[in-house]
Amino acid sequence: MKNHKLAIFIGIILFIVPFFWLKPGEMNLGGDSGRLYFYDPYSFLKNYTLYNFIASGKGVESIGYVFSSYTFVLFLLKFIFKSPTMLIAIFNGLIVSTAFLSVYFIVRELLGIKEFSFKEKIINYSSILAGFFYIFSQELMNGGWANPIVSHNQLFLNPLIFLLLLKYLLTKNNVYAILALLISVIFATNFSYVGAPTFFSFYPLSLLFLFIYVRYIRRLSISYKSVVFGIFLFLLLHAFHLFPELSSVFLFSSAVSKTVFSVEGISSRGGLDYFIAIAASTKVTLSWMSLNQSQNNPWLAVYIVMPLVLLGGFYFNKGKTFLLSGIFFLIVLFLATANITDVGLSFYKLLFRIPGFSMFRNFHGQWVYVFTFFYTILFGQAVAIVASRLGRRSTFIFLGSFFVFILLFSISFLNGSIPIPTYKDSGLRYAFRMDPMYEKVLDFYKTDPIDGKTISFPFTGPGYQILQGLNGGVYQGLPIVSYVAGKGDFAGYGSLNPYDNIFLEYMKEQDFGAIKKLFSIMNIKYVFYNSDPFIYSDVFTGYLYAHVSEYAPKSQEEYKSFVESLPVGNRIDFGDKYHVYSVNTDTFLPHIFTTSDVVYTNDQLSFTTNPYFNDSARTVSVSMDDPINKDSAVLYGSTQTFLSMLTNNSHLHRHAPFISHALDDMFYGFVPLKEKFDLYRLKDDPMAYFDRSMLHLSKRIFEMQKFGETAMPIIKKTWKQPELWEIYRLNSYNSWEASISRYQSGTEDLIDLVGKSSDSIVIQEANRIKINEQLFRHQIELVRFIRNMNRKKEEKEYIYSITNKMFEGLFQKVNIPIYNPSEYYYDLPDYPGEYTVFLGTNETIQNIGDANISINNKKLRPLQKTPDNNLKYNLLQFDNYSFKPYADTNIVLNIPAKNLAKDTRWENSGSAIGSEQLLTFDVNNNIGENTKGLMLDIPEWQPNTSYLISFDYLTDGDDFVFSFYDKKETADVLRQYVSNLVFEKILNSKTWKVHQSIVNSEGESLNAFLQITAFSQKNISRMHMKNLSITKIKYPTVLFKKIPNDLHIDSQPPQITFTKINPSKYLVHVTGAKNPYGLVFLGSFNNNWKIIDSRIEDKTIIGSTFRFIGSIGRSIVGLFIKDDIKQNKIVATYFNGDVQEGTHKNIFLAPSTFESWGKHMVAEDKHSKTLEYANAWIIDPEDMQGRSEYTLIIEMYNNNNFYIFGFISVFTFISLLVYSIKKRISKHEKNN
Amino acid sequence: MILKLLFSVLRQNKSGALTAIGLILTGDIFSPQTQSDLIILIILGLYVFFIKVFNLKSKVTFLFCFFILGLLLIEFIFTGVSEHSEKASVWLFLFIATGILQELVPNNK
């Protein structure tokens, strides 16, 4: 103990330091985890961690159990210390001091063995220095302190658990192992699914290190039985979160499972692509110097002393411990940087094929803690090795310099500037004092008896809430109302999914009628408006409001008027910044209600937002896959067009190939082999295969442009691709004929592949159009290059002729479909019956009287007199149609297209020519290609719209260039607009040909024009053109509404009273249920939501087992807690008393908790998604054995797992604690 | 016979051969070309060959590491983190790994 005095003193100082980082009352909350458990652990516990369904937005399944032990400890500490500031300071102090002391003791242990035989002082100071090196490492100081999430605890947990396991393996004293196990439970997040990257980055390697060290360096035996027993205890202790998490991982429909096992992880944005993107910016140099990846100042070169000491250690070392540490250091250096040779990087990429390895996609951030840990233990040993070679004075200078150096660079950390930063660019500080007025808002939500949701304005992009503190600091994180007050809060547009984009459009159009409908179906009861101008100022707009600001009001003044125009009534003001508005009673839909009608549809989103079909809030839709009510159905025609595959002008995409070997390079012969191999690897992913083939073709063109002028010879004979065995021809790729032949055969193969693929016709057509557009682009690039290259005239003519011949053949082969803008193709689900047919009209449609719908050789025409109500909703009614079973469901809508070019005129150097008439364009090419040519402005140009440009042309074999430009605004003060070339194509024909181009206008596009210029090499060239048409293409909605048969009777739904027991359990008392009815629960759809009839037992083995466990639970809990038997007071009534809402509770544990265990699940097969997000059950009287009055339980059934496994964990935890205390006492007694 | 002769010539020019390795390393680090695995393989193979031929100890390898670290420092001071400093870092990694392996696998010759 005497030797540790200094270290313990430093540890105490380090524990105290964080108490000076925050001013009294301040908290550094926010970010992805919110850290609201520091602010109000009790509320966080009861609203988030104890249940698997949280009230964020429309509610979401989330396994937050893992936070329960940690939050419980915080709750106990908050009970003692009251202040969240104190709580944060205690935990920060704990992290810094424990990390320091753990590293100190580890390095001491490693240095204290015989092979080193160092002096005590050297051991002591080197260990302290190592402790400083770890906590003040630039990587860790600048890493997770500024925005700490729970995984940041690994900073002290990694060395602490390592130390305890090392001590256990060396001494065989169980106390160390038990201590490690108990600590792991408190900080369970670091040992869970959410903490998988932190766990798997550190523990496998550390345990391997410990095993080798103990077994082969210290030559001690390891009791494998104890190790297995320890693992078993670990599993029992962590059962409360591990088993529910594991069941999600192996439930193959869950999002968790998809992340772990999906092959998408190998190449998707979530896996390898993400890794590759960040690997490029990770620098090995910085890691060697133990610097953060964001640091690059030349004066940081002083950090070279760190690797210098390591090298000194290697140079003077004579022991194996240092070598072992060195090996592990190199391994983690490789894992943390990835950029150790190309082979190393390729190997790293292969690791992503291991299921679950995609968790390391953000590899540097996840390996950096492990890297710093091994760097530290290597550094500590190196310091001791070098110091032991120096004289007394030199040792003093050497160690002293390091102490000064490390402490000097840690000043910004010690004074709190790094952990609680003020960002220079924005001036923001994310530590704040909670505004008492906002706390009143939270109290309002906590005590409000209605189980409704809230929507918060100003609306952010990522769903963060922004709140200004009293001292000017800012909270920017998860919506506080959701996690602290337990009420669902829509704080960002994404939380309104699937109505997110629709809501933004309504917001932009200020369509308050439509917003009212969305408020109803999203169960929104309150509107929270924060009128603080600061939170909607420029410092936040770039990131938090970037996308939303295109639709949202531009200022707080506009926001206020927007909010007050919403369907809201009563307003409560909390100070001058916070306002809570109550949504009107005719708008609010209760959390649970019975339906008046259920409609069967294949497009719930369109149905729900269509006021014509769905004017009643209680009319809800269910999926086509759930044939529940066969009388009410609305079918939406799904469009069958390749246009849907060409969004964002994907057909005009320009590949950017990279060439690493010249055609005459001795290794070029391997390039085609590599390309073949690349394609082979993508054989199971047709879309990626197609894209890669297109890239390879672009590469051929790029090669011709790069090497064609000087390096590529002309062989004037047919070139043949070398076969695999023709190794002697590996260098035969360097000629114009070879490149053209390879391009031609590559394109032909791709066209054949598209034709023979099993893709739908729509995809095949889209792919053919993509090939065609690329051919146009390559043709003009290559022809322009050939004309301008510096070669002999005869050579250029020869190359030009073979190039032209090739493109001519390829254009013929690709044979793109001719698009008829007057025809629209749809498909309908096969669902027989008699239907009323509607067409949703839009601004692109004209002459609707001439429209007709062809279906099964029958033409449906619009009704002579459309009802006024239909016109109000822009619906054109057609003749009725009767679908027979298994009939052809393809339909074609014919509407004359509106030609935008009808009254336009081509402009030609001042003169104008009508665009519809036959146009003849003569050009004198002596003045060159840059002649302005013909230009035509496209009228009625709109952003985000598809256009078809079509015309017939004849050029008598001459080349002309057809170009398309659009005009956008620029930020340049001198040049307000800029015209961008979208595409250009060579037109050449000897007979009349049809040309069609499809282009989608971008969001910022203001207007557009066409241009035709001469491109011929003749002196005089002529072009004829006719039938020019420019049409907007917008598929109108086609709907089929089923006509109910005579037997259909609208039944009166029963009366219900619902009461919330906790976030994952509701009681519904039903009376007067004589007919089938729909029961709707406005929370996110999840198969685990079940309706349970507690009076009927589930007779299966599983049911009996659960009932048995439940009865034990009920008896045990009944000893301590009694059920709340107070009368259920009604707090609100809806639909003239059809639906009543009882007083809500938040009961986690009571005897009644087990009432649903092993009981009968009602209408399980009739549970379906409604309103495109919520839950609906159709309950027949037979489901309830003919009863008309009963009580149902709506429950997230898998939440029961938490009670079972939670009990196992708590029992094991207490047993271990009691065992350790008892052992300690008996040892103490023995000693006495 | 030729091999023996080659070995004997090499042994007589140990310092020259090691200087050549140092120069090649310097050349590679300062050259504008991107790092090539082929070059790494050749140089490292040559160095391993020299370890065998000259019976080099790990200390020599770690001396090379000091040399590489010096080049890294020069690069960092003048250009910050650059393609050159990254090349030096990779060489440092490979030479330390070689040195550790030398210590773990004793040269019996």
Side-chain angles (χ1 to χ4, degrees), chain A residues 216 280-289 291-320 322-334 336-347 378 382 660 667, chain B residues 25 28-30 32-45 47 56-106:
Chain A
Y216 299 103
S281 59
T282 308
K283 303 297 174 195
V284 191
T285 311
L286 294 171
S287 291
W288 266 120
M289 295 165 80
L291 293 172
N292 188 270
Q293 288 293 322
S294 60
Q295 295 174 309
N296 195 12
N297 291 324
W299 56 269
L300 287 170
V302 290
Y303 267 86
I304 204 79
V305 293
M306 303 303 178
L308 193 65
V309 172
L310 295 194
L311 286 185
F314 279 113
Y315 190 79
F316 295 117
N317 170 54
K318 284 176 182 160
K320 284 183 181 164
F322 190 72
L323 288 182
L324 181 68
S325 309
I327 291 168
F328 276 78
F329 166 75
L330 291 182
I331 292 170
V332 288
L333 176 62
F334 168 72
T337 57
N339 287 317
I340 308 287
T341 71
D342 292 339
V343 174
L345 188 64
S346 303
F347 170 71
L378 193 68
S660 48
F667 294 108
Chain B
L25 282 177
D28 181 57
I29 288 167
F30 288 111
Q33 288 246 325
T34 47
Q35 195 154 34
S36 153
D37 281 9
L38 194 67
I39 291 170
I40 289 175
L41 190 73
I42 292 166
I43 300 174
L44 211 58
Y47 183 71
L56 296 176
K57 296 215 163 59
S58 60
K59 277 193 189 314
V60 179
T61 309
F62 291 128
L63 277 176
F64 266 108
C65 292
F66 280 112
F67 175 66
I68 296 166
L69 193 66
L71 298 180
L72 197 158
L73 177 65
I74 293 166
E75 270 303 325
F76 193 87
I77 290 169
F78 292 105
T79 61
V81 179
S82 62
E83 181 77 23
H84 306 294
S85 68
E86 283 298 283
K87 281 201 257 186
S89 298
V90 171
W91 277 120
L92 188 58
F93 179 97
L94 295 170
F95 267 79
I96 289 186
T98 310
I100 293 174
L101 283 175
Q102 266 180 281
E103 294 218 0
L104 292 176
V105 186

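Letters A, B, ... mirror the listed sequences (proteins, then strands); counts begin at 1.
Here Leu63(B) is the residue among Leu63(B), Thr61(B), Ile40(B) with the most heavy-atom pairs under 4.5 Å with chain A.
Within a 6.0 Å sphere centred on NZ of Lys320(A), heavy atoms belonging to other residues, nucleotides or ligands number 12 at most. For Phe78(B), the CZ atom is loosely surrounded, since the number of other residues' heavy atoms within 6.0 Å does not exceed 12.
Proximity to chain B is absent for every atom of Phe322(A), based on heavy atoms less than 4.5 angstrom apart. Ser346(A) does not touch chain B: none of its heavy atoms, backbone or side chain, sits under 4.5 Å away. Contacts between Leu291(A) and chain B at a heavy-atom distance below 4.5 Å involve the side chain alone, from C-beta outward. Of the atoms belonging to Leu310(A), not a single heavy atom falls under 4.5 Å from chain B.
Side chains of Leu311(A) and Leu92(B) form a contact here, defined as non-hydrogen atoms less than 4.5 Å apart. Phe329(A) has its side chain out of reach of Ile100(B): every pair of non-hydrogen atoms, C-beta onward, lies at least 4.5 Å apart. Residues Val90(B) and Asn339(A) are not in side-chain contact: their nearest non-hydrogen atoms beyond the backbone lie 4.5 Å or more apart. Considering only heavy atoms from C-beta on, Phe76(B) comes within 4.5 Å of Leu286(A) through its side chain.
Side chain of Glu86(B) to main chain of Lys283(A): no donor-acceptor pair is present (N/O by atom type, distance under 3.5 Å, no hydrogens or angles). Panel note: side chain Asp37(B), backbone Asp342(A); a donor-acceptor pair is recorded below 3.5 Å. Listed for the Ser85(B) side chain is no donor-acceptor partner under 3.5 Å among the backbone atoms of Thr285(A).
Between the CG atom in Leu323(A) and the CG atom in Leu101(B) there is a gap of 10.0 Å [rounded to 0.5 Å]. Separating the CD1 atom in Ile68(B) from the CH2 atom in Trp288(A) is a distance of 9.5 Å, to the nearest 0.5 Å.
Screening Leu69(B), Leu72(B), Val81(B), Leu73(B) for a side chain to side chain contact (heavy atoms under 4.5 Å, CB included) with Met289(A), the sole residue that qualifies is Leu72(B).
Between Phe62(B) and Phe314(A), the ring planes lie parallel to each other; the angle is under 30°, not in the 30° to 60° tilted range.
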